[in-house]
Amino acid sequence: MPSEDDKDSFMHIACFFVGMDRDVTETILQACNINTSVVFRNLIDRCLLRIGGKNEGGRQQGLQEMGKFIVRKESLDKPWKRSRLCWHDESLEVLKRK
């Protein structure tokens with residue numbers, strides 16, 4: 001059973017960190033009190049995350065889209081009520097409204 005840190009990290013990576021250097025991603029997630037050594041190992045073991053040859057984090061396109069879809073379902077027509085803003089156009093809409 002995945003932990004809450006695993007779930008949150010999966011969503012963070014799907015929305016914000018794909019293609020970013022693993023060290024940078026880990027530093028940011030550690031600042032959120034996430035034990036990245038355990039989380040990264042869990043996500044890699046479950047084939048939800050891979051680390052590329054240049055130390056960048058990645059995932060299959062389908063898994064990334066699945067993560068973004070889960071976030072979008074939190075509030076289909078009110079993106080400001082979602083836990084994350086994963087799309088540029090929706091982020092701009094929220095910034096304009098707030």
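Numbers here are sequence positions counted from 1.
Note: R84 CZ to R72 CZ = 15.0 Å, rounded to the nearest 0.5 Å. Here CD1 of I70 is found 4.5 Å from CE of M11. Values are rounded to the nearest 0.5 Å. Distance CZ/R41 to CZ/R46: 11.0 Å, rounded to 0.5 Å. The structure places OG of S37 at 8.0 Å from CD of Q30, a figure rounded to the nearest 0.5 Å. Between the CG atom in D6 and the CG atom in L48 there is a gap of 9.0 Å [rounded to 0.5 Å]. Taken from CG in N35 to CG in N42, the straight-line distance is 9.5 Å, to the nearest 0.5 Å.
P79 and L85 get closest at one heavy-atom pair: O-CD2, 3.4 Å. Residue A14 comes nearest to G67 through the heavy atom pair CB-CA, 4.0 Å, listed as atom of the first residue, atom of the second, then distance.
For CZ of F16, the number of neighbouring non-hydrogen atoms (other residues, nucleotides, ligands) closer than 6.0 Å is greater than 12.
In this view, D8 satisfies the side chain to side chain donor-acceptor pair (under 3.5 Å) rule with no residue, not counting sequence neighbours.
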Begin with the C-alpha distance, continue with both residues' side-chain angles, and end with the deciding distance and a verdict on side chain to side chain donor-acceptor pair (under 3.5 Å) for T25 and D23. CA-CA 5 Å; T25 302; D23 297 332; over 6 Å; no
Going through the distances and angles, do I28 and F17 end up as a side chain to side chain contact (heavy atoms under 4.5 Å, CB included)? CA-CA 10 Å; I28 293 169; F17 298 116; 3.6 Å; yes
Step-by-step side chain to side chain contact (heavy atoms under 4.5 Å, CB included) determination, V39 to L29: CA-CA 10 Å; V39 166; L29 294 176; 5.7 Å; no
Begin with the C-alpha distance, continue with both residues' side-chain angles, and end with the deciding distance and a verdict on side chain to side chain contact (heavy atoms under 4.5 Å, CB included) for C15 and K68. CA-CA 6 Å; C15 290; K68 289 181 174 184; 4.3 Å; yes
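V38 is not connected to F40 by any chain of hydrophobic side-chain contacts under 4.5 Å among Ile, Leu, Val, Met, Phe, Trp and Tyr, and they are in different clusters. L43 and F69 sit in two unconnected hydrophobic clusters of ILVMFWY residues. Membership requires side-chain heavy atoms under 4.5 Å apart, directly or through other members.
Using a 4.5 Å cut-off on side-chain heavy atoms (C-beta onward), E26 and I34 make no contact.
Checked by atom type and distance alone, the side chain of R82 never pairs as donor or acceptor with a backbone atom of E74 at under 3.5 Å.
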